[in-house]
Asker: 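Okay, handing you the structure first.
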Amino acid sequence: MEYLKNTFLYKLLQTKKKMVHAVRKDFQEVGITHENYITLHFIYENPGITQSELADINDKDRNVIVKTIDKLENMGLVNRIRSKDDRRAFTLQVTDDGVRIIDEYWDRIILRQKEALGNLSEDEQKTLVELLDKVNN
């Protein structure tokens, strides 16, 4: 008999939980979640992205993205700019404060990742990332 704890899905979810827990305290300092940070970082990497495009690359429901953007905008981390091409749409830009948060917390994310994967050698970590890329493509 197979056990749930031996499945890839369970192990992947446990790994995600471990990573989220590792960065939770860091992000609480500025009042955002790891999901908020990911959204902020996607906007940073794709300046001028629309809310609809952001929902697609972030794999989130558009209503969830709107609420997240509302929060980030209210915190002064993101600006909505009316699209020149479509007056109904908004493009998104990260503010200087948003860039500061991205820069400051990126190093912490990398540190937490190294801590979480500390039982693996550097070669094993590289292989893990390569295998996950293969699974996700």
Side-chain angles (χ1 to χ4, degrees):
M1 176 165 119
E2 287 290 323
Y3 292 98
L4 176 64
K5 289 186 176 185
N6 293 331
T7 66
F8 174 75
L9 177 61
Y10 179 82
K11 291 180 183 304
L12 196 57
L13 290 173
Q14 288 302 107
T15 303
K16 178 187 179 206
K17 195 162 125 181
K18 181 177 183 177
M19 290 302 303
V20 169
H21 182 70
V23 297
R24 179 174 287 132
K25 288 181 185 175
D26 292 326
F27 291 131
Q28 283 176 343
E29 293 174 5
V30 289
I32 63 174
T33 66
H34 75 284
E35 292 284 346
N36 296 153
Y37 181 86
I38 289 169
T39 299
L40 182 65
H41 211 112
F42 274 136
I43 298 167
Y44 175 75
E45 291 177 353
N46 301 280
I49 192 170
T50 65
Q51 293 174 165
S52 178
E53 293 167 334
L54 180 61
D56 290 342
I57 68 167
N58 206 0
D59 198 26
K60 298 286 180 197
D61 180 85
R62 291 180 185 181
N63 293 327
V64 171
I65 287 297
V66 168
K67 289 178 184 178
T68 302
I69 294 168
D70 286 345
K71 178 178 181 173
L72 295 173
E73 186 177 38
N74 289 335
M75 294 179 73
L77 304 177
V78 169
N79 286 324
R80 281 185 173 108
I81 302 165
R82 189 160 304 275
S83 172
K84 295 174 185 169
D85 300 327
D86 180 353
R87 301 285 297 156
R88 297 168 295 168
F90 290 92
T91 61
L92 304 166
Q93 298 286 333
V94 175
T95 65
D96 290 343
D97 284 343
V99 172
R100 183 184 52 76
I101 298 274
I102 288 168
D103 289 345
E104 182 178 337
Y105 286 87
W106 181 251
D107 290 340
R108 293 186 193 196
I109 288 173
I110 299 303
L111 175 64
R112 301 296 177 239
Q113 178 178 299
K114 285 180 181 177
E115 291 171 355
L117 300 176
N119 292 335
L120 302 177
S121 71
E122 284 191 32
D123 283 344
E124 289 171 326
Q125 289 179 35
K126 183 179 176 188
T127 299
L128 176 60
V129 170
E130 289 170 354
L131 290 172
L132 289 172
D133 281 344
K134 207 171 190 179
V135 167
N136 287 306
N137 286 328

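In what follows, residues are counted from 1 in the order of the sequence shown.
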Asker: Is Leu117 close to Lys18 at the side-chain level, that is, under 4.5 Å between some pair of heavy atoms?
Answerer: no

Asker: Return yes when atom OH of Tyr44 has more than 12 non-hydrogen atoms of other residues, nucleotides or ligands closer than 6.0 Å, and no otherwise.
Answerer: no

Asker: Is there side-chain contact between Glu29 and Lys25, with heavy atoms separated by less than 4.5 Å?
Answerer: no

Asker: With a 3.5 Å distance limit and no angle check, can you tell me whether Asn58 reaches the backbone of Leu54 through a side-chain donor-acceptor pair?
Answerer: no

Asker: Linking I/L/V/M/F/W/Y whenever their side-chain heavy atoms sit closer than 4.5 Å, directly or via other members, would Phe8 and Leu128 fall into one cluster?
Answerer: yes

Asker: With a cut-off of 6.0 Å (strictly less than), are more than 12 heavy atoms of other residues, nucleotides or ligands near CG of Asp96?
Answerer: no

Asker: Given the rule in the side-chain contact (heavy atoms from CB on, under 4.5 Å) test, do Val129 and Lys126 qualify, once you have shown the distances and angles that lead to the verdict?
Answerer: CA-CA 5 Å; Val129 170; Lys126 183 179 176 188; 6.0 Å; no

Asker: Measure the CD1-NZ distance between Ile110 and Lys114 for me, rounded to the nearest 0.5 Å.
Answerer: 7.5 Å

Asker: So, for Phe90 and Arg82, which heavy atoms are closest and what is the spacing to 0.1 Å?
Answerer: CZ-NH2, 3.5 Å

Asker: Looking at CD of Glu115 and CZ of Arg108, how far apart are the two atoms once the value is rounded to the nearest 0.5 Å?
Answerer: 11.5 Å

Asker: Evaluate whether atom CD of Glu130 has more than 12 neighbouring non-hydrogen atoms of other residues, nucleotides or ligands under 6.0 angstrom away.
Answerer: yes

Asker: Looking only at heavy atoms, what is the nearest atom pair of Lys11 and Lys5, with distance?
Answerer: NZ-O, 3.2 Å

Asker: Linking I/L/V/M/F/W/Y whenever any side-chain heavy atoms sit under 4.5 Å apart, do Ile81 and Val78 land together?
Answerer: no

Asker: Of all heavy-atom pairs between Glu124 and Asn119, which one has the smallest distance, and what is that distance?
Answerer: OE1-O, 4.2 Å

Asker: When rounded to the nearest 0.5 angstrom, what is the spacing between CZ in Phe42 and CG in Asp59?
Answerer: 9.0 Å

Asker: Looking at Asn79, is its backbone amide N or carbonyl O close enough to the side chain of Gln93 to form a donor-acceptor pair, meaning the two atoms are under 3.5 Å apart?
Answerer: no

Asker: Is there a side-chain contact between His34 and Arg112 (heavy atoms, below 4.5 Å)?
Answerer: no

Asker: What's the spacing between Leu92 CG and Ile49 CD1 if we round to 0.5 Å?
Answerer: 7.5 Å

Asker: Looking at CD1 of Ile101 and CD1 of Ile32, how far apart are the two atoms once the value is rounded to the nearest 0.5 Å?
Answerer: 6.0 Å

Asker: Test of understanding: clusters of I, L, V, M, F, W, Y form through side-chain heavy atoms closer than 4.5 Å, transitively. Do Val30 and Val99 belong to the same one?
Answerer: yes

Asker: Looking just at side-chain N and O atoms, do Thr39 and Asn36 make a donor-acceptor pair shorter than 3.5 Å?
Answerer: no

Asker: So, taking the atom named CD in Gln14 and the one named CG in Leu9, what distance separates them when rounded to the nearest 0.5 Å?
Answerer: 10.0 Å

Asker: For Asn74, does the CG atom have more than 12 heavy-atom neighbours from other residues, nucleotides or ligands under 6.0 Å away?
Answerer: yes

Asker: Is it the case that one hydrophobic cluster holds both Leu13 and Val20, taking links as side-chain heavy atoms less than 4.5 Å apart, direct or via other members?
Answerer: no

Asker: Do Thr127 and Leu120 come close enough that some side-chain heavy atom pair is under 4.5 Å?
Answerer: no

Asker: Show the nearest heavy-atom pair for residues Met19 and Ala116, with the distance to one decimal.
Answerer: SD-CB, 3.3 Å

Asker: Kindly determine whether Thr68 and Thr33 satisfy side-chain contact (heavy atoms from CB on, under 4.5 Å), including the steps that lead there.
Answerer: CA-CA 10 Å; Thr68 302; Thr33 66; over 6 Å; no

Asker: Does Met75 form a side-chain contact (heavy atoms from CB on, under 4.5 Å) with Lys71? I'd like the steps, not just the answer.
Answerer: CA-CA 6 Å; Met75 294 179 73; Lys71 178 178 181 173; 4.0 Å; yes

Asker: Using the side chain to side chain contact (heavy atoms under 4.5 Å, CB included) rule, pick out the option among Leu72, Ile43, Asn46 that qualifies with Val94.
Answerer: Ile43

Asker: Taking C-beta and beyond as the side chain, do Gln51 and Val66 meet within less than 4.5 Å on heavy atoms?
Answerer: yes

Asker: Taking all non-hydrogen atoms of both residues into account, name the closest pair between Ile102 and Tyr37 and its distance.
Answerer: O-OH, 3.1 Å

Asker: Is there a continuous path of hydrophobic side-chain contacts, each under 4.5 Å between heavy atoms, that joins Leu132 to Val23?
Answerer: no

